[in-house]
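Please read the structure below before turning to the comments.
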Amino acid sequence: MKMTTTNMMDMFEEGKVLKICAPMVRYSKLAFRSLVRKFDCDICFTPMIVAPDFMRSVKARDSEFTTNEADRPLIVQFAASDAQTLADAACVVAPFSDGVDLNCGCPQRWAMSEGYGACLINKPELVKDMVRHVRNQVDNPNYTASIKIRIHKDLRRTVDLCQKAEAAGVSWITVHGRTAEERHQPVHFDAIKTIKDSLSVPVVANGDIKTLRDVETTHQLTGVDGVMAARGLLSNPAMFAGYNETPLECVWEWVDFATNQGTPFTCFHQHLIYMLERVSSQPERKVFNSLHSTAAVIDYLHNTYGSPDTQTIVKECSV
């Protein structure tokens, strides 16, 4: 099924700060993307897909990339270390998505040792080549080629990388405001602002976005065109809609999406562990975390929080 591509660049030009769900290994799959879209998420990324594996095997393509007509706008993120493999992978997913993103930010050792992820920020000419290949080979002028990066200690190197990517035709750039060595240190918002001020393509900020207020603050500090969240959305998929903790309607929506799409139990359960972390007590979490079947989880939710129908009645009565 070929789908209509959303013109992503038009979205950036509308002047509002776009709210984006990050590429998260194991987590930002179709069912979760469907959930966050119901709660004001503008754009979703797939989890990072290793491009050579994806091209090598039909089985990998089928298991790594699933989508449907409602799953738009969608960006497919690839790990790649050579331009032609990335362009080939982009051509395969282009009919079913709105853009591809090159991962230049993953700091994990396995990724760096394979030539993927954050090591690419030290190879600006290669990144430029990869962007150019995608732009030249995907037969759709609205299809975007973006990159997601971390920053260097010497920010001039990051600005140089971004300007080279811009010259090669990059559509937009996501900046995780930490170096490859930093994990939980504060995000360098000043660095993101410097990068934004140095480019004419849209820039998206990533790092420590936990509430809708964080989205607004990040925009004020940096002037970016969009804000991307990862862990904040895992613990509260309704965050972009302004909820401070996961509302129960969101929990039940997740149960619907996950069961309808055949989400494996461990993934189904883990998402709920994240979602309920802030709304349940420690004894409740202990019981919930030890459940071993979808039926047991659904029974627990009914018994502890009430059915989705009661939620609707409660909401209607309180209006």
Side-chain angles (χ1 to χ4, degrees), residues 1 21-41 44-49 57-72 74 76 96 210-211 229-319:
M1 54 178 178
C21 176
M24 291 177 275
V25 176
R26 289 189 301 280
Y27 295 123
S28 47
K29 296 207 166 179
L30 177 58
F32 187 70
R33 298 195 300 266
S34 307
L35 179 67
V36 294
R37 289 184 194 283
K38 290 210 81 157
F39 293 93
D40 288 2
C41 183
C44 289
F45 274 57
T46 66
M48 179 183 81
I49 299 169
S57 139
V58 175
K59 193 177 170 191
R61 289 200 283 283
D62 291 345
S63 69
E64 293 282 339
F65 181 64
T66 46
T67 185
N68 61 26
E69 283 182 43
D71 185 31
R72 308 301 289 268
L74 179 66
V76 183
F96 315 102
K210 306 236 166 50
T211 64
R231 279 178 305 213
L233 278 178
L234 279 183
S235 59
N236 178 8
M239 175 185 86
F240 284 149
Y243 292 90
N244 289 326
E245 52 193 31
T246 309
L248 288 170
E249 68 174 293
C250 179
V251 171
W252 286 114
E253 290 274 12
W254 169 247
V255 171
D256 283 350
F257 281 125
T259 50
N260 289 339
Q261 292 179 21
T263 302
F265 174 74
T266 46
C267 180
F268 167 68
H269 189 214
Q270 187 59 55
H271 271 293
L272 286 166
I273 289 171
Y274 283 126
M275 286 183 216
L276 297 171
E277 193 172 9
R278 295 214 296 264
V279 295
S280 54
S281 66
Q282 200 174 354
E284 284 172 337
R285 284 201 297 275
K286 202 170 176 187
V287 172
F288 185 77
N289 295 1
S290 66
L291 299 174
H292 290 297
S293 74
T294 301
V297 165
I298 292 172
D299 282 349
Y300 175 92
L301 293 173
H302 275 294
N303 295 336
T304 312
Y305 301 111
S307 70
D309 308 338
T310 12
Q311 295 312 314
T312 314
I313 294 161
V314 170
K315 263 173 46 193
E316 283 167 2
C317 294
S318 63
V319 167

Would you compute the distance between atom [atom1] of [X] and atom [atom2] of [Y] and round it to the nearest 0.5 angstrom?
X	Y	atom1	atom2	result
E245	L276	CD	CG	10.5 Å
N68	L74	CG	CG	9.5 Å
T246	H271	OG1	NE2	12.0 Å
Y27	Y274	OH	OH	3.5 Å
E64	T46	CD	OG1	8.5 Å
K210	N236	NZ	CG	12.5 Å

Do [X] and [Y] touch side chain to side chain, with heavy atoms closer than 4.5 Å?
X	Y	answer
C250	F39	yes
W252	H302	yes
L233	F240	yes

For residues 260-267, run the donor-acceptor check on the side chains, cut-off 3.5 Å, and write out each pair with its distance to 0.1 Å, sequence neighbours left out.
{"residue": "N260", "atom": "ND2", "partner": "D256", "partner atom": "O", "Å": "3.1"}
{"residue": "Q261", "atom": "OE1", "partner": "A31", "partner atom": "N", "Å": "3.1"}
{"residue": "T263", "atom": "OG1", "partner": "A258", "partner atom": "O", "Å": "3.2"}

(Q) Using 30° and 60° as the class boundaries, would you call the ring planes of F288 and Y300 parallel, tilted or perpendicular? (A) tilted

Q) Do the ring planes of F32 and W254 sit parallel (below 30°), tilted (30 to 60°) or perpendicular (above 60°)? A) perpendicular

Q.
R37 vs F257, test: side-chain contact (heavy atoms from CB on, under 4.5 Å). Steps then yes/no.
A. CA-CA 12 Å; R37 289 184 194 283; F257 281 125; over 6 Å; no

Looking at [X] and [Y], what are the two nearest heavy atoms and their distance?
X	Y	result
M24	R231	SD-N, 4.4 Å
V297	H269	CG2-CD2, 3.9 Å
P237	S235	CD-C, 4.0 Å
S63	K29	O-NZ, 4.4 Å

(Q) So does C21 get a backbone contact from the side chain of R33, meaning a donor-acceptor N/O pair under 3.5 Å? (A) no

(Q) Donor-acceptor check, side chain of S290 to backbone of V287, threshold 3.5 angstrom: yes or no? (A) yes

Q | side-chain contact (heavy atoms from CB on, under 4.5 Å) evaluation trace for V36 with M239 | A | CA-CA 9 Å; V36 294; M239 175 185 86; over 6 Å; no

Q.
Does R285, at its CZ atom, have more than 12 non-hydrogen atoms belonging to other residues, nucleotides or ligands within less than 6.0 Å?
A. yes

Q) Going through the distances and angles, do Y305 and V251 end up as a side-chain contact (heavy atoms from CB on, under 4.5 Å)? A) CA-CA 10 Å; Y305 301 111; V251 171; 5.8 Å; no

